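Treat the numbers as computed from the prediction; the structure is a model and nothing was measured. The chains referred to below are lettered A, B, ... by the order of the sequence lines, with proteins before strands, and numbering in each begins at 1.
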Number of protein chains: 2
Amino acid sequence: MTITIYDVAREANVSMATVSRVVNGNPNVKPATRKKVLDVIERLEYRPNAVARGLASKKTTTVGVIIPDISNVFYAELARGIEDIATMYRYNIILSNSDQREDKELQLLENMFGKQVDGIVLMSDRVTNDLLHMIERSPVPIVLAGTIDATNRIASVNIDYYQAAYEAVTRLIQNKHQRIAFVSGSLSSTINRAFKYTGYEKALEDAGIAIDESLVIESDATYDEGMAAFNHLQKLANPPTAFFAGNDELAIGLIHGAQDRGVVVPEDIEVISFENSKLARMVRPTLTSVVLPLYDIGAVSMRLLTKYMNKEHIDEKTVVLPHRIEERQSLKKPI
Amino acid sequence: MTITIYDVAREANVSMATVSRVVNGNPNVKPATRKKVLDVIERLEYRPNAVARGLASKKTTTVGVIIPDISNVFYAELARGIEDIATMYRYNIILSNSDQREDKELQLLENMFGKQVDGIVLMSDRVTNDLLHMIERSPVPIVLAGTIDATNRIASVNIDYYQAAYEAVTRLIQNKHQRIAFVSGSLSSTINRAFKYTGYEKALEDAGIAIDESLVIESDATYDEGMAAFNHLQKLANPPTAFFAGNDELAIGLIHGAQDRGVVVPEDIEVISFENSKLARMVRPTLTSVVLPLYDIGAVSMRLLTKYMNKEHIDEKTVVLPHRIEERQSLKKPI
DNA sequence: TTGAAAGCGCTAACAA
DNA sequence: TTGTTAGCGCTTTCAA
């Protein structure tokens, strides 16, 4: 039924080895022979079977991608970066959602090992010991994208979240704020807890501002929780005048929460976000935000993975991409 | 190096066939034997090689997903629906972006055939003849998700876009509007041209309102183009008082375009969208919108595909999901 | 430059 | 209930 390399060999009066050579671009084939084989391939509409090839060569030209949730713009942007570079290097991608659950991450890894992927890009809020252990025992290279491994043992691509948070909060302090809230996503996320929160604290400390734990809100990082956080903070005896939001949705929730109560941004309160998705321009006022280069993190992760898969020399297994702050309207110009 | 079914067989003193049986849950194995094998599998950390299995069984338990752009929330939501059901049926997904380019769609299909996927879910704005031809010659079942095949020959999952558009525009007419603009995405998209636009026209016609082509704007369906469309339409001698937007981004662009010019929604103009992504609630005013059940379209497509792959009986190869209008603030209550 | 042949790790008759 | 054996379609030595 299906055309195999044998059929082509027979029709072209050559051995299957020769057909294999022309299919794989091996130069050791006489041009005339090559042409003859190519003609038969076209006539028979022969299509190499990647599964058989994978079994024989032990390479599937497929990489696994484990992502918390592809329907989340944040990760979708990362995934696109990964996919583009994968395509460029002729890899296909097996994409699976983990929903941030460690048990699923573990099971997904196991599943991908079984599928004989050539490498894996993993995104996770928290690299647990079990996960770390499994990654270290992986039969194929694994790169962490936008994901922190506190032990620094696994290859990864990130920005300096700590420094970025520090700068964001400092920018708020520059505008003379003393009461600065941090409305964060889950603090069980390493990036949020160990970097953004720490950067926030350090910036306040360096400015001689006392930390007030009541100004730190942990949330699900959604729009609704942003609104709820604003309402909650507004009821404080001494409410904040500036907000450092963990992501764009939270920031927009904060702004709409304020607007619904007649509080004007940036006149009455100021907001800085941490993401800069395309949502940042789709609110009024537009969001000043730390620029998280998600696409690039994905792309660079995949590029790094190709180096591991090709056993190329790796300069740095932990790459830190640059970040910056995009000034828009939710923050007044520096005074 | 790697543990194979042979190693397990040897260690357990059984034949590889028996190991294969226990791995595949074949009931024809004596419990004692099964246990013995299972123990060895655990001790050796044996992991079945899916590639070898795929070659021998001609089933890879992976399905291909061709999507225009995973970083677009619209498609990401669809993809999530597909992935969830795929996981439920123990399939993995190979995800590729086509960027709506026919040449890439064709090439991606070819690539997936080569990878021996068991089935494919395809999303595309426009099913060209070449694409249709390739789908019909596919060695594996293909289901279209949120994608129209005008010939109705290919299995697909959609809503009734024509009817939905008709209802949306009728809703605008109900609020006494006579000058109704349609700000659409690309009209080379079958859904936009043959259904939404047609529904728009029919609604106007049924209400005795003359079609004014200057009120129909074709765009890239982005936020910026929504704003640009508003500005353009506002300059007309007789500008529209109501807008039917092709998607949420366009609707938000329209609203912000209006607000930037001091035009108030819904007092001065009214807007209805067609998507109802989570963005719909993240604007002020919130968007009244036709609800496009993207997740469900993805999920149902994948479910339908499993039926084809299992050669189950198919009731309807063309499924049409229900839709409705979610009333929010960008439209006044019916008069 | 080409061919022969031995796997790759597994499934699936078929036989026992 | 278990084992034997022939592939699945290809890559990759090794020889010629």
For A/D69 and A/Y75, the nearest pair of non-hydrogen atoms, with its separation, is O-CB, 3.6 Å
Main-chain N/O of A/T60 paired to A/D118 side chain as donor or acceptor, under 3.5 Å: yes
Rounded off to whole Å, could you give me the CG-to-P distance for the B/L55 and C/dT11 pair? 11 Å
Contact nearer the 5' end of DNA chain C, comparing A/V29 with A/M16: A/V29
Reckon A/T4 has a side-chain N or O less than 4.0 Å from the OP1 or OP2 of D/dG9? no
Mind checking A/V14 for me? I need base, sugar-phosphate or nothing, with any heavy atom below 4.0 Å counting as a touch. sugar-phosphate
Could you measure the distance from the CG atom of A/D149 to the OG1 atom of A/T318? Nearest 0.5 Å is fine. 8.0 Å
Out of D/dT2, C/dG3, C/dG9, which nucleotide sits closest to the side chain of B/T18? D/dT2
Want to settle it: does B/A17 or A/P48 sit nearer the 5' end of DNA chain D, counting the closest nucleotide to each? B/A17
Does C/dT2 have OP1 or OP2 sitting under 4.0 Å from an N or O in the side chain of A/T33? yes
Atom-pair distance (CD1 on A/I3; P on D/dC10), nearest Å: 10 Å
Should the side chain of B/R21 and the base of D/dG3 be counted as holding a donor-acceptor pair, with the cut-off at 3.5 Å? yes
Categorize A/S57 for me: base, sugar-phosphate, or nothing, with a 4.0 angstrom heavy-atom threshold over every strand shown. sugar-phosphate
Over how many whole Å does the gap from A/R53 atom CZ to D/dT11 atom P extend? 5 Å
Take the protein atom CG of A/N28 and the nucleotide atom C1' of C/dT2, then report the distance between them rounded to whole Å. 10 Å
Does the side chain of B/S20 get closer than 4.0 angstrom to OP1 or OP2 of C/dC10 through an N or O atom? no
Are the charged groups of B/D103 and B/R101 less than 4.0 angstrom apart, N to O? yes
Tell me, do B/K317 and B/Y308 make a side-chain contact under 4.5 Å, heavy atoms counted? yes
Contact under 4.0 Å: A/T2 side-chain N or O vs D/dG9 OP1/OP2: yes
Can you find a heavy atom in the side chain of B/K58 that is under 4.5 Å from one in the side chain of B/Q116? no
Separation of B/N49 atom CG from D/dC8 atom P, in whole Å? 18 Å
A/Q116 CD - D/dC10 C1' separation (whole Å): 15 Å
With the side chain of A/I5 defined as its heavy atoms from C-beta on, choose the nearest nucleotide among D/dC10, D/dC8, D/dT4. D/dC10
Taking only the side-chain nitrogens and oxygens of A/K58, find out if one of them lies under 4.0 Å from OP1 or OP2 of C/dG9. yes
Distance test, side-chain N/O of B/Y6 to OP1/OP2 of C/dT11, below 4.0 Å: no
Taking atom P of C/dG9 as reference, at what distance in whole Å does atom CG of B/N24 sit? 17 Å
If I take atom CG in residue A/N26 and atom P in nucleotide D/dT11, what distance separates them, rounded to the nearest angstrom? 11 Å
